[in-house]
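Since the structure comes first, as structure tokens, the remarks are kept for the end.
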There are 2 protein chains.
Amino acid sequence: MSRSRTEEVPVGVPRNYLRPCLLLLLAEGASHGYELLDQVAALGLERADPGGLYRCLRAMDAEGLVRSDWEPSTSGPARRNYSLTDEGREWLHAFAGSLAEVARALSAYERRYHKLIEQHELAR
Amino acid sequence: MSRSRTEEVPVGVPRNYLRPCLLLLLAEGASHGYELLDQVAALGLERADPGGLYRCLRAMDAEGLVRSDWEPSTSGPARRNYSLTDEGREWLHAFAGSLAEVARALSAYERRYHKLIEQHELAR
DNA sequence: CGGGTGTAGATGCACTATACACATAGCGTC
DNA sequence: GACGCTATGTGTATAGTGCATCTACACCCG
């Protein structure tokens, strides 16, 4: 393998991270897919896939976590506006708790990593 | 969907998290799969899949990130002992940097989530 | 008018990590 | 000899992701 260190390293955000992101943004206020696509960038998904995002929204709609209704627009195509349901809000809290666990795991990793680096520095 | 909130919420650790975990543990000292299986629990992988772990080690061996040699045991089956290569150490650093980014994303999420909760508390 | 750009939503498909089950084998012990 | 623990794997289905592609509306420009 001739992959250099400068190349993209394959460690992504947690699996299913898109869902809690969308739920959080919708908890802050109703919105539509195209806008959410920009907003998720602030949560670490700078290159979110539009297709995946729309699919995720449709799935959560089908599962009852969000509600959607069409809003015709005078300046462009119609938008499908999403808002959070009570069930979606419950899931948001569950997801947040779960993400907190992941964050704890990551900080455990970093503590341990830096401890290792420290020892390595001392050893020279 | 009649899934209760007490049920397992599908948010996992970052994708490919197992790799940096194994690299870190091997940077701390050579070890074998069965032992690593216990050790990754401390990094957030409490229910790691043995099959996946062994596969991951074999793959990193094939890619040159780790080295392995058999150690016969008097009290049980032989162990395949793994140790880190220079290339593996480079990847460890790259992974650690990448994980730090993910950690930043997660803390951004949590800040925003708690801000939302606060506002909700104030509103009642 | 025709074409390009930005907005908006969605599908199709291939790839890959993961989860889960299962197979093998050495060794101790009851 | 059956069971359980250590130890290392394989097989396979599924799910999430990434990437390409398609439709369609509105606007602007030459």
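Please read these numbers as outputs of a predicted model, since none were measured by experiment. Below, read A as the first sequence line, B as the second, and so on, with proteins coming before strands; counting in each chain starts at 1.
For the residue pair B:L53 and B:G33, the shortest heavy atom distance occurs at CD2-O, 3.6 Å. When all heavy atoms are compared, the tightest approach of B:P14 to A:G12 is CB-O, 3.3 Å.
Rounded to 10 degrees, the angle separating the terminal helix axes of the helix from C:dC1-D:dG30 to C:dC30-D:dG1, each built from five base pairs, is 10°.
A residue-by-residue look at B:A78 and A:G76 shows that A:G76 has its nearest nucleotide of DNA chain C further toward the 5' end. Between B:Y82 and A:Y17, it is B:Y82 whose nearest contact on DNA chain D lies nearer the 5' terminus.
The pair B:R58-B:E63 does not count as a salt bridge, with every side-chain nitrogen at least 4.0 angstrom from each carboxylate oxygen.
For DNA chain C, the residues of residues 25-62 of chain A within the heavy-atom distance limit of 4.0 Å (strictly under) are A:H32, A:G33, A:Y34, A:G51, A:Y54, A:R55, A:R58, sorted by number.
Counting only N and O atoms by type, the side chains of A:R67 and A:T85 include no donor and acceptor under 3.5 Å apart.
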Inset, instruction - Kindly determine whether B:Y34 and B:R80 satisfy side-chain hydrogen bond (donor to acceptor under 3.5 Å, both in side chains), including the steps that lead there. - result: CA-CA 9 Å; B:Y34 194 77; B:R80 192 192 278 267; over 6 Å; no
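Distance OH/B:Y17 to CG/A:L106: 5.5 Å, rounded to 0.5 Å. Here the OG-NE2 distance, from A:S73 to A:H32, works out to 8.5 Å after rounding to the nearest 0.5 Å. Distance check: B:H114 NE2 to B:E118 CD gives 9.0 Å after rounding to the nearest 0.5 Å.
Straight-line distance from the CG atom of A:D69 to the P atom of C:dA8: 16 Å, rounded to whole Å. Straight-line distance from the CZ atom of A:R80 to the C1' atom of D:dA24: 15 Å, rounded to whole Å. As a whole-Å value, the separation of A:N16 CG from C:dA17 P is 17 Å. At whole-Å resolution of the value, CZ in A:R19 and C1' in D:dG16 are 11 Å apart. As a whole-Å value, the separation of A:E71 CD from C:dA8 C1' is 13 Å.
Here the nucleotide nearest the side chain of B:R79, chosen from D:dA7, C:dG9, D:dT17, is D:dA7. Closest to the side chain of A:R15, out of C:dG9, C:dT18, D:dG9, is C:dT18.
Counting non-hydrogen atoms of neighbouring residues, nucleotides and ligands closer than 6.0 angstrom, the CG atom of A:D86 reaches no more than 12 such neighbours.
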